[in-house]
A.B. asks: 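Handing you this structure, nothing more for now.
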Amino acid sequence: MSRASAPSARAKPRSRSRAPGRATPELPEAAPTKPESKRLDAYSLRSRIIGKAAGVFGKLGAADSTVEDILKAAEVSRRTFYKFFQSKEDVLDALHEIGCNMLIGAARQVAAMPGAPLERVERGIDGYLQYHLSVGTDVMYVVQGESMRVGSKLGARRRAFLDTIVDLLNDELKKVSGERVDPLLLRSLLVSVEGVSMMLRAESSENPIGAFDLERAKRIMLRLVMATMAAPAGALVPPLPAWRGVAARKVR
């Protein structure tokens, strides 16, 4: 071969082919991304912890659940957990807050609907029972029970929730009767209705709650509400205790 026809030592090859195992200089291959290396934003992480904790509390109960159980279920580190919560009670309170807000929203929707008072009461009870089924009876049973416990961190939120629903009920009563009733009566009524769902869950601990159980609970709740709110005063039924506000305490 002549010197003129020999390729120059400095000339770059025209071919893009490369030896096996050798990366292309112009387009380096990106390192594969592992699923566990994907970062979630703060809202998603917090929501993940709360969602997984609901399953833990529903299975083990409030007393027997630990932060470690929640960490394993949510697959997060202890450091990540403590960025959002100080204890397992804080997670329970977050679950309680979600439940209270959902029920308040549903109650306001029912109050805004047209129809006779009895129809709206039935809709409200239906919504209350369906809420417990959609969220999960186990975890709601645990959260409700914890909110009732003396000294619980959930107590303040429970009282605020009851006060909000009492105000909604009193607004509806005023439309019908022209006056408000004593909030203590309405608060006691709400606790009674709540107790029905708690007892129903306790009775059905070994079997899932079915249509018969829901209809049974609905009949009892409806009886409690209507007997308290709509029964006329008579020989056996005293009148509804009217409410004049806190200032009425000073009048003797």
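Heavy atoms only: backbone and side chains are in, while hydrogens, waters and symmetry mates are out.
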A.B. asks: Would you please name every residue forming a side chain to side chain contact (heavy atoms under 4.5 Å, CB included) with L95, sequence neighbours left out?
C.D. replies: I50, A54, F57, V139, V143
A.B. asks: Determine whether K174 and E179 make a side-chain contact, defined as any pair of heavy atoms from C-beta on separated by less than 4.5 Å.
C.D. replies: no
A.B. asks: Cluster question for you: counting only ILVMFWY and a side-chain heavy-atom cut-off of under 4.5 Å, with indirect links fine, are L129 and V225 together?
C.D. replies: yes
A.B. asks: What I'd like to find out is whether the side chain of L173 reaches to under 4.5 Å of the side chain of N170, using heavy atoms alone.
C.D. replies: yes
A.B. asks: List for me each residue that meets side chain to side chain contact (heavy atoms under 4.5 Å, CB included) alongside L168, sequence neighbours excluded, and say none if there are none.
C.D. replies: A107, R108, I165
A.B. asks: Any donor-acceptor pair under 3.5 Å linking the side chain of R187 with the backbone of L162?
C.D. replies: no
A.B. asks: With the threshold set at 4.0 Å, does a side-chain nitrogen-carboxylate oxygen contact exist between R180 and E172?
C.D. replies: no
A.B. asks: For E89, does its backbone N or O pair with a side-chain atom of D93 as donor and acceptor, under 3.5 Å?
C.D. replies: no
A.B. asks: Does V191 reach the side chain of R158, with side-chain heavy atoms less than 4.5 Å apart?
C.D. replies: yes
A.B. asks: For the OG1 atom of T228 and the CG atom of L186, what is their distance to the nearest 0.5 Å?
C.D. replies: 9.0 Å
A.B. asks: To the nearest 0.5 Å, what is the distance between CG (L214) and CZ (R216)?
C.D. replies: 11.5 Å
A.B. asks: If you compare all heavy atoms of F84 against all heavy atoms of R46, which two are closest, and at what distance to 0.1 Å?
C.D. replies: CD2-CB, 4.0 Å
A.B. asks: For residues 59-73, which residue pairs pass the salt bridge (Lys or Arg N to Asp or Glu O under 4.0 Å) check, not counting sequence neighbours?
C.D. replies: E68-R78
A.B. asks: Is there side-chain contact between H96 and Q144, with at least one heavy-atom pair below 4.5 Å?
C.D. replies: no
A.B. asks: Does any N or O in the side chain of S197 come within less than 3.5 Å of the main-chain N or O of E194, such that one atom is a donor and the other an acceptor?
C.D. replies: yes
A.B. asks: Between R149 and E146, does any side-chain N to carboxylate O distance fall below 4.0 Å?
C.D. replies: yes
A.B. asks: Kindly compute the distance separating OG (S147) from CZ (R157), expressed to the nearest 0.5 Å.
C.D. replies: 11.0 Å
A.B. asks: Using only atom types and a distance under 3.5 Å, with no angle test, would you say the side chain of T80 pairs donor to acceptor with the backbone of V76?
C.D. replies: no
A.B. asks: Got a second to check how far F81's CZ is from L71's CG, nearest 0.5 Å?
C.D. replies: 6.5 Å
A.B. asks: How long is the straight-line distance from CZ of R123 back to CE of M113, given to the nearest 0.5 Å?
C.D. replies: 6.0 Å
A.B. asks: Check side-chain hydrogen bond (donor to acceptor under 3.5 Å, both in side chains) between N101 and all other residues, then give those that pass, not counting sequence neighbours.
C.D. replies: none
A.B. asks: What I want to check is whether the side chains of S47 and S44 have a donor and an acceptor closer together than 3.5 Å.
C.D. replies: no
A.B. asks: If you compare all heavy atoms of S188 against all heavy atoms of L184, which two are closest, and at what distance to 0.1 Å?
C.D. replies: OG-O, 2.8 Å
A.B. asks: For E75, which residues count as a side chain to side chain contact (heavy atoms under 4.5 Å, CB included) partner, sequence neighbours excluded?
C.D. replies: R48
A.B. asks: For residues V121 and L189: do they belong to one hydrophobic cluster (side chain heavy atoms under 4.5 Å, members Ile, Leu, Val, Met, Phe, Trp, Tyr)?
C.D. replies: yes
A.B. asks: Mind checking the CZ-CG spacing from F161 to L103? Nearest 0.5 Å is all I need.
C.D. replies: 4.5 Å
A.B. asks: Run the side-chain hydrogen bond (donor to acceptor under 3.5 Å, both in side chains) test against Q109 and tell me which residues pass, sequence neighbours left out.
C.D. replies: none
A.B. asks: Within the structure provided, determine whether D90 and S87 are in side-chain contact (heavy-atom separation under 4.5 Å).
C.D. replies: yes
A.B. asks: Hydrophobic cluster membership, with links at side-chain heavy-atom distances under 4.5 Å among I/L/V/M/F/W/Y: are V110 and V193 in one?
C.D. replies: no
A.B. asks: Are there more than 12 heavy atoms of other residues, nucleotides or ligands under 6.0 Å from atom CZ of R120?
C.D. replies: yes
A.B. asks: What heavy-atom pair brings K88 and V67 nearest, and what distance separates the two atoms?
C.D. replies: N-CG2, 4.0 Å
